[in-house]
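Below is one structure, written out as structure tokens; comments come after it.
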There are 2 protein chains.
Amino acid sequence: MAKLQKSIDKRNALVKATIELVNNNGFHATPMSKIAKMANVSPATIYLYFENKQDLVNQTYIDVKAEYTKYAFNDFDTTLSVEAGFEHIWKRIADFKLKESEHAMFLAQCDNTPMIDEPSRQEGIKHLQPLLELWERGKKEGIIKPLSNYLLYAYSINPLSFLMINQKRGAFQLDETHLEEAFQSAWSSIKVCK
Amino acid sequence: MAKLQKSIDKRNALVKATIELVNNNGFHATPMSKIAKMANVSPATIYLYFENKQDLVNQTYIDVKAEYTKYAFNDFDTTLSVEAGFEHIWKRIADFKLKESEHAMFLAQCDNTPMIDEPSRQEGIKHLQPLLELWERGKKEGIIKPLSNYLLYAYSINPLSFLMINQKRGAFQLDETHLEEAFQSAWSSIKVCK
DNA sequence: AAAAAAAGAATGAACGTTCACTTTTTTATA
DNA sequence: TATAAAAAAGTGAACGTTCATTCTTTTTTT
């Protein structure tokens, strides 16, 4: 099969270069020529792997989003209590945002921009299921507030993006202590009080 | 003075067009020619009001950020209790994000992108003081958790951006009920429990 | 009549993409 | 196993277009 014979390394290098350049310069200031140069490839080669620039950025988004959710749910154990399960997932996500901050930055930029087309955005959302199921269980058990999953995500997960960005900008240092505080705030905002 | 004689209406039209086009197409896909067309102005005229494209987008950011904080703190009463004061500010901010969602969208895009230069970003942060002071008072009174202001903002204010964006995308409807729930989550996450 | 503001046309640079070609890899044949 | 043919992958230069910005001229204001 033709597709599979093309070096996967080259595709990865292109995706990596895209992330790095878009993070540092923004989509508007990352030409294909620079992406090619950073990936040590001819501009023309990009078009062997991707239809066009939009496709490159869409696929990069989907790749990174998949990596994110895989990381978050990798060793998830569905037999855990809702609270323990949430803490586990939350800390995995926090871990990802801090350790893979380049990738997390890229996602934050994509998620707040009309840079990614709608089908790719939908594709990216798909893999969040385990967390949503945990929340549904928590609601049934009366442990999690009976709120829309959007609200739960907004308050318990999304703040990590804000913190990560400000950490990257050097405005704020998110160390171990802060991280525990952040978790407590996240949990406070979605757990049923008392 | 030359600057002041130039029609302020024209400047406003340019800023407005910039917001609208950047919101809908992203910075990478809003050329000066389109901005000019939407503002009913020649491309050359933009350069009477702004140095260049970067300056236009920087100034637009600062304008909108100032409008945001002005709206948030407009009728703020420093004699209110910490809880009442926070509720007031929070609801003003929520109001802004929902009613002026075009402007809020623009800020969200700028804040997650290397689109705005650092000095303009700093300029934009300046006006948040009243909220920070309220939080300091709350911490002293033992009502607000003794956390970094970044954490407090991340958990109590920033979630509104996420909700607003998803509302704009039609994924979620943020009505009066949801808004009250959102406020309770915000307050839960930063208040001292018990 | 002078000065300021605005316009439209023009400009060079930079962009995404394609083209014509070369190199590398795979397959077929002996 | 060696070799030739075919296919695939990769390339640098070039294309047409679009972009931000400027230049020259016209219009408006004072």
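Numbers restart at 1 for each chain; the letters A, B, ... are given by sequence-line order, proteins then strands.
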Rounded interatomic separation in angstrom, taking [atom1] from [X] and [atom2] from [N]:
{"X": "A:Lys53", "N": "C:dA14", "atom1": "NZ", "atom2": "P", "result": "15 Å"}
{"X": "B:Met32", "N": "C:dA14", "atom1": "CE", "atom2": "C1'", "result": "16 Å"}
{"X": "A:Leu14", "N": "D:dA9", "atom1": "CG", "atom2": "C1'", "result": "13 Å"}
{"X": "A:Ile35", "N": "C:dT17", "atom1": "CD1", "atom2": "C1'", "result": "13 Å"}
{"X": "A:Ile46", "N": "C:dT18", "atom1": "CD1", "atom2": "P", "result": "12 Å"}
{"X": "A:Tyr47", "N": "C:dC15", "atom1": "OH", "atom2": "P", "result": "12 Å"}
{"X": "B:Leu48", "N": "C:dA5", "atom1": "CG", "atom2": "P", "result": "8 Å"}
{"X": "A:Asp55", "N": "C:dT17", "atom1": "CG", "atom2": "C1'", "result": "14 Å"}

Taking N or O atoms only and anything under 3.5 Å, show me the protein contacts with nucleotides 25-28 of chain D, one pair per line.
none

Exercise for the section: State which of D:dG10, D:dC19, C:dA6 makes the closest approach to the side chain of B:Ser33. Expected result: D:dC19
Practice task
Could you list all the salt bridge (Lys or Arg N to Asp or Glu O under 4.0 Å) pairs where at least one residue sits in residues 158-175 of chain A, not counting sequence neighbours?
Solution key: A:Glu102-A:Lys168
Exercise for the section: Using the salt bridge (Lys or Arg N to Asp or Glu O under 4.0 Å) rule, collect all pairs that involve residues 138-156 of chain B, keeping only residues at least two apart or in two chains. Expected result: B:Glu136-B:Lys139, B:Arg137-B:Glu141
Problem - Connected-component partners of B:Met164 among ILVMFWY, side-chain separation under 4.5 Å - result: B:Met105, B:Ile165
Handout entry: Ring-face cation contact, A:Tyr49 with A:Lys10, 6.0 Å cut, 45° max
Key = no
Handout entry: First encountered from the 5' end of DNA chain C, between A:Glu51 and A:Lys34
Key = A:Lys34
Exercise for the section: Check whether any side-chain N or O of B:Tyr49 sits under 4.0 Å from OP1 or OP2 of C:dA6, and answer yes or no. Expected result: yes
Do any N or O atoms of the protein come closer than 3.5 Å to N or O atoms of nucleotides 7-11 of chain C, and which pairs are they?
unit_1	atom_1	unit_2	atom_2	d
C:dA7	OP2	B:Ser42	N	3.0
C:dA7	OP2	B:Thr45	OG1	2.6
C:dG8	N7	B:Ser42	OG	3.0

Exercise for the section: Would you please name every residue forming a side-chain contact (heavy atoms from CB on, under 4.5 Å) with A:Ser81, sequence neighbours left out? Expected result: A:Glu83, A:Ala84
Exercise for the section: May I ask you to check whether over 12 heavy atoms, not counting those of A:Glu118, lie within 6.0 Å of atom CD? Expected result: yes
Problem - Stretch residues 21-29 of chain A: residues that reach within less than 4.0 Å of DNA chain D through a heavy atom - result: none
Practice task
Kindly write out the residues that satisfy salt bridge (Lys or Arg N to Asp or Glu O under 4.0 Å) with B:Asp75, not counting sequence neighbours, or none if the list is empty.
Solution key: B:Arg92
Exercise for the section: Check salt bridge (Lys or Arg N to Asp or Glu O under 4.0 Å) between B:Asp95 and all other residues, then give those that pass, not counting sequence neighbours. Expected result: B:Lys99
Donor-acceptor pairs under 3.5 angstrom involving side-chain atoms of residues 26-44 of chain B: please list them, not counting sequence neighbours.
unit_1	atom_1	unit_2	atom_2	d
B:Ser42	OG	B:Ala44	N	3.1

Extract all donor-acceptor atom pairs below 3.5 Å that involve side chains of residues 156-163 of chain A and protein atoms in other chains or at least two apart in sequence.
unit_1	atom_1	unit_2	atom_2	d
A:Ser156	OG	A:Leu152	O	2.7
A:Ser161	OG	A:Lys97	NZ	2.8

Completion exercise
Applied to residues 107-132 of chain B, the ring-ring contact (aromatic ring centres under 6.0 Å, His included) test, sequence neighbours excluded, yields none
